[in-house]
> 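Before I ask anything, let me first share the structure, which is written out below as C-alpha cells.
Atoms within a ligand are numbered from 1 in the order they appear, just like the ligands themselves. Numbering of residues begins at 1 and proceeds along the displayed sequence.
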Amino acid sequence: MEEIRYEDLGLTKEDVLAMYETMLMARRLDERMWLLNRAGKIPFVISCQGQEAAQVGAAYALNKDKDYVAPYYRDLGVVLHFGMTARDLMLSAFAKAEDPNSGGRQMPGHFGQKENRILSGSSPVTTQVPHAVGVALAGRMSGDDFVSFVTLGEGSSNQGDFHEGANFAGVHKLPVIIMVENNHYAISVPVALQLACEKVSDRAIGYGMPGVTVDGQNPLAVYKVVKEAADRARRGEGPSMIETLTYRLTAHSSDDDQRQYRTAEDIEEGFIKDPVHLFENYILTNEIATDDLLAEINERVMAEVNDATEYAEAAPYAKAEDLYRYVYAEGDEV
Ligand SMILES: Cc1ncc(C[n+]2csc(CCOP(=O)(O)OP(=O)(O)O)c2C)c(N)n1
Ligand SMILES: [Mg+2]
C-alpha cells in the first residue's frame, strides 16, 4: 500500500478514524449477515468484503449532505457514509416492513433512501449508470452544484447502459463520477475473459473524460482521486471515470461456492491484502490511534451490529394488505 500522508489530503486524524469506523461497520455487518444466512435466518447476502476501502474512501470525498449516489449491491460502505444505519441494513437483510430501502420487498443490496439521496437501483446490473447521468442532467438544468456518483463492477462495464451513460455524460460534460470497483471477477468469470483492454479506465478516453486506475485497498488513495473528480465536476469540467483495484473476499453471493473456480492462492492473496487490516496498520504506524482506541472502536461497532441484529430480527414483516404500497402514488404524492 502506497504511503499517503493524510495531512497532505487536508484530512485530520478524526477523519481517518471516521473512515476506519465506517469500513469496520461495513465489514462487521457483512460478516454478521453471512452467519445469519448460514443459520437460516436471512435468505441472501452479497458482500462488500474486500471493497470497503474503495467505497468509504470515495464516499468520504463527496458531500453527503448534497451529492447523489447510485450505488451497486456491494456498496455497504457508501450507503453507511451517506446516512443509512446498521438497523436500516439489517431490516433489509431480514426483509422487514421497516426496511427503508424497499419495505422488505427487494433483495438485500438494492439500496435506496430518498432522504439521503441514495437512488434506488434495479436488479439488471449497470442500469444505475444512466440513472445517475439523468440525475446529473437534472441538477444542471435546475442550477444545482451537486455531484452524481455511481458505482458498478468491472464485469458490468461491458454492458450497454455503461457505455450509453458514459457517452451522454461526456458529451454534455455532466457532473458525474463513474467508479468501477474491479474485484477481478464477474461471478465466476475472471477479468481476463471480460475485457480485451488492459484497464477498465482505458475506456474513458472514448467518452472524452479522464480515466484513472487506483489502489482500491487504500481508502486515502481512493479519497484523493474521487475528491479531484468531484472538484472538477463542480467546476463544470465534466465527468470522470475511476477504477479501483480490489479483491473479492467472499464468494459472489451466499448462493455461490468460489472454490469451484478460484485457486486457494488467489483467495489467500485477497486476505493478505485485506483493506481493513492494511488501514489498521496505517493507523497504528502513523500513531493516529493506539491499540486501545482501535479496540474501543471495535467494541462500539460490535454493539451496534448486535443491536441492529436483535432489532431487525424482532421487527414485524409487512402486512399482506400493504402489498400495493410503494407501487402506486398515495395521498399527497398523487
Ligand atoms: C443485465 C444482467 N445480467 C446478468 C445479471 C446477473 N449478475 C448479477 S451480478 C453479476 C456479475 C457482475 O460482476 P461485476 O460487474 O464484476 O460485479 P461484482 O459482482 O464482481 O462486484 C451478474 C452477471 C444481472 N443482474 N443483470
Ligand atoms: Mg467484479
> Could you check whether Glu21 pairs with Arg300 (Lys NZ or Arg NE/NH1/NH2 to Asp/Glu carboxylate O, under 4.0 Å)?
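A salt bridge links Glu21 with Arg300.
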> Mind checking how many protein N/O/S atoms fall short of 2.8 Å from the Mg ion (ligand 2)?
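Count of protein N, O, S atoms less than 2.8 Å from the Mg ion (ligand 2): 4.
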> Quick check: do Arg27 and Gln49 have side-chain heavy atoms less than 4.5 Å from each other?
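Sidechains of Gln49 and Arg27: in contact.
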> Checking side-chain contact (heavy atoms from CB on, under 4.5 Å) against Val225, which of Ile242, Thr213, Asp215 comes through?
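Among Ile242, Thr213, Asp215, the one meeting side-chain contact (heavy atoms from CB on, under 4.5 Å) with Val225 is Ile242.
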> Using the ring of each side chain (for Trp, its six-membered ring), is Tyr185 parallel, tilted or perpendicular to Tyr261, with breaks at 30° and 60°?
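Rings of Tyr185 and Tyr261: tilted, as their planes differ by 30° to 60°.
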> When rounded to the nearest 0.5 angstrom, what distance separates CG in Leu76 from CZ in Arg74?
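Rounded to the nearest 0.5 Å, the CG-CZ separation comes out at 10.5 Å.
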> Is there any ring pair (Phe, Tyr, Trp, His ring centres under 6.0 Å) pair reaching into residues 116-160, and which pairs are they, with sequence neighbours excluded?
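For residues 116-160, and leaving out neighbouring residues, the ring pair (Phe, Tyr, Trp, His ring centres under 6.0 Å) pairs sorted by first residue read Tyr68-Phe146.
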> Using a strict 4.0 Å threshold on nitrogen-to-oxygen distance, state whether Arg235 and Glu237 make a salt bridge.
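Yes, this pair counts.
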> Quick one: sort the Tyr73 and His252 rings into parallel, tilted or perpendicular, breaks at 30° and 60°.
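Perpendicular: the ring planes of Tyr73 and His252 meet at over 60°.
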> Who's touching ligand 1 if we go heavy atoms under 4.0 Å?
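Lining ligand 1 at under 4.0 Å, by heavy atoms, one finds Tyr72, Tyr73, Arg74, Ser123, Pro124, Val125, Gly153, Glu154, Gly155, Ser156, Gln159, Asn183, Tyr185, Ala186, Ile187, His252.
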> Determine all donor-acceptor pairs shorter than 3.5 Å in which one atom belongs to a side chain in residues 160-174; sequence neighbours excluded.
unit_1 : atom_1 : unit_2 : atom_2 : d
Asp161 : OD1    : Gln159 : NE2    : 3.2
His163 : ND1    : Tyr207 : OH     : 2.7
His163 : NE2    : Ser157 : O      : 2.9

